[in-house]
Amino acid sequence: MITRLLVANRGEIARRIFATCRTLGITTIAVYSDADADAPFVAEADLAVRLPGNTPAETYLRIDLVLDSARRAGADAVHPGYGFLAENADFAAAVTDAGLTWVGPPAKAIAAMGDKMAAKALLADAGVPMLPTWTEADQVTGFPVLVKATAGGGGRGMRVVRDAAGLAEAVAGARREAAAAFGDGTVFIERYVERGRHVEVQIFGDTHGTVVALGVRDCSIQRRHQKIVEEAPGVLPPRVRERLHEAAVAAGRAVDYVGAGTVEFLLAPDGEVHFLEMNTRLQVEHPVTEAVTGFDLVRLQLLVAEGEPLPLTGTPPADGHAIEVRLCAEDPAQGFRPATGTLHRFTIPGVVGEFTPTKGLRLDSGVVDGSAVSVHYDSMLAKLIAWAPTRAEAARALAGALARAELHGVATNRDLLVRVLRSREFGAAEADTGFLERHEEVFAPLLAADQLPLAALAAALAGAAGRRASAPVLGGLPSGWRNVPAFPQVTRLDGPDGEIEVRYRLDRTGALADWSVSPATVPTGQDGSAADGDRAPDVTVVEAAPDRVVLDVDGTRRAFRVHRVGSEVFVDGPAGAASLTELPRFPLPTAELAAGSLLAPLPGAVTRVHVEVGQRVTAGDLLLTLEAMKLEHPVLAPTDGVVAELPVPAGGQVDTGAVLAVVTEEDPR
């Protein structure tokens, strides 16, 4: 019997496994890198062992260090989680050779499925349907095709090719990417199915010869071949569902499978199913299967590893519907590149459970308020799962919780997920793997540009209320009250599309007399239409506190939650969220590093010129000094290059935005 379990993983994966261990009375052991020393999963573990270093290669992927940690902490079992070493046959064998219980499939099964080409051949003999597949470019007999890495997954090394002209370069690029990601540049080519759906079957096997299917998941909503929305049960005709169950169980039996695994398929528009790959681990999306079956899959893993038989012999009926989204630290403004930073607030309303099967809204998260999101690991912050009696209810509840979530400090893909869940095609269960390529509208932020003025006004009013609350004197005066009432309050904010200036005036009672936002945009009504033609709405301040502002907009009250961290202001309202930065009223000069042309940040005089035209400089070199407001402002070279222009001599006066110098890579002479 397992009494002390080491989890060879991190983040929400480790927290998920720890949660089940606590219910079973199993002592938990974490391993952690230096970057994860203060992470929630480390604090939750009963014991934790440091792996010196930061990157996965020097910490979590070191089999020797993980096994040494197990020995030092007195572990009698190892769970690999569902990443890093989870599908490493050498790790499974090493754990077993060390006399520890391995919570996962046998090393032989992992090795058999790890080579995708060998797996295809093995399962084809077992009767599992396959797509036409080739190992060399000159063997391909038709297009389009998909180039795939033999090792690994997660979309790395994948290339869609639609004609013979691009095949050679796609194969070469896929090999380079696969070699960099997995240490193995081997690729293969298979027929690409247009408008296909990505479906998968959760299977489970035990040491007594039982292999069962626990239902079908639909994971078709993908970006760059990576899943972002998953659901169970997949909306399928009964005969297709049965065919998938049969094929998945056949795949498991072909390799004497033990433990949790996932067999992935491509469902063509004509209803034909084709094997893609088998993942010999628990999947990220397993919570949706738990929600509709009621089984704790981690508990089943542990019981099977102890030699217990599975408590079922066939596919259980699905109860209701569950949908999961992967909430990731990604910047939509940068093409959804991974984002880093500090999560000042991470709050999702309505959550009724975490990490174990739950009816309602479940959160599996690796972060909390104050967590640092680093460059070293995957960008996924959390999984949010909604269960409801019907699919439509689950989608609505999940979208609503995401829209109301307070996610402050790090850019995320939240708005994209909400728009997908609320789209017509997803609601009709018609989405396929090309959904995002066909629907550019889902990439738009939830907060429309014409709603930003109200969010900016709320930020300004909350800021004034906060300053008034902290003022040591005259606290009885209304916030923003002036002896000269005609002169407005002015707050400057940096927004998603540049600087925003909020001007407002309060009357002697503290009521909002008038307001304006520039650049001017007319806020719309709640239904998205203009409040009254092109007329700016009438706005009354109902409440203005440092963390909450309520505005009456043309007779409809709108509440805004405001959270300030330094100069950053996060506003969450009924139309969406805004991340703003309050700019100083009297900004001090700072080094201006514009590419090529260096611009004056404010009016002043050039007091000294330290270089000459044609001089080679390096990034950070002092070019000239600007004096403004009795302060000196150094103008530095933004990059290595040659000084091409110095249009303002020493003693020259400049206005804001004037060109002070131009640095190029070429010598102008």
Side-chain angles (χ1 to χ4, degrees), residues 12 154-155 197-198 218-231 284-285 287-288 322-341 343 345-349 361 363-367 373 378-386 391-392 394-449 451-452 455 495-497 528 570-579:
E12 58 90 14
R197 291 168 61 186
H198 188 131
D218 192 321
C219 309
S220 297
I221 304 293
Q222 302 178 7
R223 189 182 66 253
R224 295 191 289 267
H225 304 292
Q226 294 182 316
K227 307 165 188 174
I228 61 172
V229 180
E230 301 106 352
E231 61 180 297
V284 174
E285 56 271 25
V288 293
I323 305 174
E324 171 184 299
V325 293
R326 303 189 189 193
L327 184 63
C328 298
E330 296 175 338
D331 189 350
Q334 300 296 323
F336 289 90
R337 293 177 183 172
T340 59
L343 272 170
R345 181 170 294 172
F346 185 80
T347 302
I348 300 176
L361 199 64
L363 177 66
D364 285 17
S365 170
V367 296
V373 181
D378 186 88
S379 64
M380 192 170 76
L381 302 174
K383 302 176 305 192
L384 189 62
I385 307 99
R391 184 175 185 272
R396 183 175 61 189
L398 186 54
L402 281 170
R404 292 190 298 273
E406 296 181 28
L407 311 173
H408 300 166
V410 178
T412 72
N413 64 337
R414 179 260 302 276
D415 289 9
L416 168 64
L417 298 173
V418 173
R419 288 197 179 276
V420 169
L421 292 169
R422 290 175 173 172
S423 67
R424 186 213 64 80
E425 194 168 320
F426 181 82
E430 297 173 353
D432 56 63
T433 56
F435 174 86
L436 292 183
E437 285 74 18
R438 294 194 306 274
H439 295 280
E440 293 185 3
E441 70 276 5
V442 299
F443 291 96
L446 287 178
L447 186 69
Q451 292 293 328
L452 186 59
D497 298 315
F570 305 98
V571 182
D572 295 281
S579 177

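In this chain, numbering begins with 1 at the start of the sequence shown.
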What's the shortest heavy-atom distance between R438 and D432, and which atoms?
-> NH1-OD1, 3.0 Å
Which residues pass the ring-ring contact (aromatic ring centres under 6.0 Å, His included) test with F435, sequence neighbours left out?
-> H439
Mind listing the closest non-hydrogen atom pair of V288 and E230 along with its distance?
-> CG1-O, 3.9 Å
Cation-aromatic face contact R223/F336, 6.0 Å, 45 degrees | yes
Interatomic distance, CD1@I228 vs CD1@I221, rounded to 0.5 Å, equals 7.0 Å
Greater than 12 external heavy atoms within 6.0 Å of E441's CD = yes
Tell me, yes or no, whether the heavy-atom count around R337 atom CZ, taken from other residues, nucleotides or ligands under 6.0 Å, exceeds 12.
-> no
To the nearest 0.5 Å, how far apart are CD1 in I348 and CG in L384?
-> 5.0 Å
Within 6.0 Å of CZ in R345, more than 12 heavy atoms from elsewhere = yes
Distance (rounded to the nearest 0.5 Å) between T412 OG1 and R326 CZ = 16.0 Å
Which pair of heavy atoms, one from G335 and one from R224, lies closest together, and at what distance?
-> O-NH1, 3.5 Å
How far does OG of S220 sit from CD of E430, to the nearest 0.5 angstrom?
-> 12.5 Å
